[in-house]
Structures are given as structure tokens and as C-alpha cells.
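Take a look at the structure below.
Each chain gets a letter, A, B and so on, in the order its sequence line appears, and its residues count up from 1. Everything numeric here is computed off the predicted structure, so don't read it as measured data.
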Amino acid sequence: GEDVEQSLFLSVREGDSSVINCTYTDSSSTYLYWYKQEPGAGLQLLTYIFSNMDMKQDQRLTVLLNKKDKHLSLRIADTQTGDSAIYFCAEDGSSNTGKLIFGQGTTLQVKP
Amino acid sequence: EAGVAQSPRYKIIEKRQSVAFWCNPISGHATLYWYQQILGQGPKLLIQFQNNGVVDDSQLPKDRFSAERLKGVDSTLKIQPAKLEDSAVYLCASSLERAKNIQYFGAGTRLSVL
């Protein structure tokens with residue numbers, strides 16, 4: 001079946017690196033995504049990775065994918081207070097319809 | 001480029017009442033999604049449209065929920081009658097293509113059922 005799991009909460013100090021982890025079950029996913037949700041707002045796409053890649057870097061964001069262990073991580077370098085939000089991992093699974101399966105979200109708290 | 005528009009932003013109703021939500025996707029986006037996000041959880045797909053046709057409505061509680069996208073642009077999602085467990089944020093998203101599925105989300109409608 002399709003399932004995505006994330007840890008619920010992460011607290012870091014401003015300037016430190018944050019690492020948010022995610023595990024998924026559907027090995028046939030083509031793309032995996034990271035979305036950010038600020039209070040009262042919709043989801044904003046941060047980055048995505050194609051399933052045959054191991055790593056993708058985009059400015060302060062680094063995505064690592066371990067397809068064997070079905071493990072995805074998002075590293076935010078030099079974390080700022082504006083990064084405080086809920087981060088969702090998502091996979092597109094095996095449906096071929098474009099449907100996304102989301103994790104329950106990780107709340108990132110950045111302390112000044 | 002305008003984003004995905006949703007209205008209303010907030011709605012409070014009593015159980016057994018009816019409610020409707022509206023979504024206007026990004027211009028040119030053929031695929032439109034409605035998600036339900038219960039507090040503390042990730043979004044869960046309710047229904048997906050490709051133009052004005054339904055692609056996936058397997059998770060839509062069809063005894064009370066309905067959705068339409070008559071002209072392949074705007075969409076409405078209706079709940080009739082509402083139950084307490086329908087309290088959630090209803091998110092609309094749209095995408096240009098299904099491969100490399102970059103979905104753009106609206107701000108959502110927060111529904112409280114009392």
C-alpha cells in the first residue's frame with residue numbers, strides 16, 4: 001500500500017542546519033516532493049527529486065534519496081526564523097494519475 | 001501569474017447543513033485536485049479532474065460529497081449534509097501536467113462543523 005511517515009516535530013537554533021526525515025512504502029514512485037505550509041496558508045512546493053537520483057541541491061536545500069531504504073531527507077542549511085513552518089513529504093505512488101500521498105508533516109521550530 | 005483562488009476562506013456551519021466551496025485554478029492548468037486536510041494530518045485527495053472529467057474520486061464520500069468542474073476551469077465542492085468529522089481545511093490544487101506533477105495549492109477553506 002501507499003504510506004508516508006515523518007517525525008512530528010523538530011526544533012533547531014537559528015543558523016544551524018535542519019534535517020527532516022521521511023520514509024515511504026511505494027517503491028514505484030517516480031517523483032518525491034517536499035512542500036512547506038505556513039500558518040493559514042496552502043502548501044508551497046519547495047523542491048522535488050526524480051526517483052533515479054540520489055541527491056539534489058537547490059540553494060540552502062539539499063534532498064537526499066535512499067531508494068533501497070525508501071528514505072528521503074530534506075536538509076536546510078543556515079536555518080532562519082522564516083523557515084518555521086510545517087514540512088510535508090509526498091510521493092506520487094503507482095497510480096499514474098498524478099495523485100500525491102502526503103506524510104503527516106513535520107513542524108519545524110527555529111529558535112533565535 | 002495569479003495563483004489558485006479559493007473562497008470562502010472560512011465557513012462555520014451546524015451539522016446536517018450544506019456547504020459549498022469554490023476554486024479557480026491557475027490559467028491553463030488542465031488538472032485540478034480537491035484535498036481534505038484534517039488538523040495535524042497531511043492532505044488527502046478527495047477528487048481529481050482532468051479538464052471536466054473525473055480521473056480519481058475513490059476517496060470521495062459520495063453519499064454526502066459532490067464536486068463538479070463543468071467547463072473545465074472553475075470547480076465547486078459540496079457537502080450535504082455535513083457531519084462533525086468534516087471539520088477540516090479543504091485545499092484546491094492545480095497542475096499543468098501529470099508527469100513531474102508540480103501541484104500549486106490555494107490557501108484553502110477552513111470548515112468548522114458545530
Toward chain B, the part of A:F50 with a non-hydrogen atom under 4.5 Å: neither
Over 12 non-hydrogen atoms of neighbours within 6.0 angstrom of NZ in A:K56: yes
CG/B:L84: more than 12 non-hydrogen atoms of other groups inside 6.0 Å: yes
Chain A interface, residue from B:A93, B:G106, B:G108, B:A107 that has the most non-hydrogen pairs under 4.5 Å: B:A107
Spatial distance of atom CG (A:L43) from atom CD (B:Q37) [nearest 0.5 Å]: 6.0 Å
Common cluster, A:Y31/A:M53, ILVMFWY with side-chain heavy-atom separation under 4.5 Å: yes
More than 12 heavy atoms from other groups under 6.0 Å of CD on B:E85: yes
Region of A:L100 that comes under 4.5 Å of a non-hydrogen atom in chain B: both
Nearest atoms (heavy-atom pairs only) where B:I102 meets A:Y33: CD1-CE2, 4.2 Å
With B:Y35, the ring pair (Phe, Tyr, Trp, His ring centres under 6.0 Å) member among A:Y35, A:F88, A:F102: A:F102
B:K62 atom NZ, over 12 foreign heavy atoms within 6.0 Å: yes
CD1 (B:I12) with more than 12 external heavy atoms under 6.0 Å: no
Contact summary for A:G42 and B:L91, nearest pair of heavy atoms: CA-CD2, 4.2 Å
Flag side-chain contact, heavy atom, 4.5 Å: B:Y104 against A:L45: no
A:I101 reachable from B:V89 in the ILVMFWY side-chain graph, under 4.5 Å edges: yes
Nearest-0.5 Å distance that lies between atom CD in B:Q103 and atom CG in A:D92: 9.5 Å
Proximal component of A:Q44, with respect to chain B [non-hydrogen, under 4.5 Å]: neither
Spatial distance of atom CD1 (B:I47) from atom NZ (A:K99) [nearest 0.5 Å]: 12.5 Å
Flag, side chain of B:R9 to backbone of A:G40, donor-acceptor distance under 3.5 Å: yes
Exceeds 12 heavy-atom contacts within 6.0 angstrom, atom CD of B:Q80: no
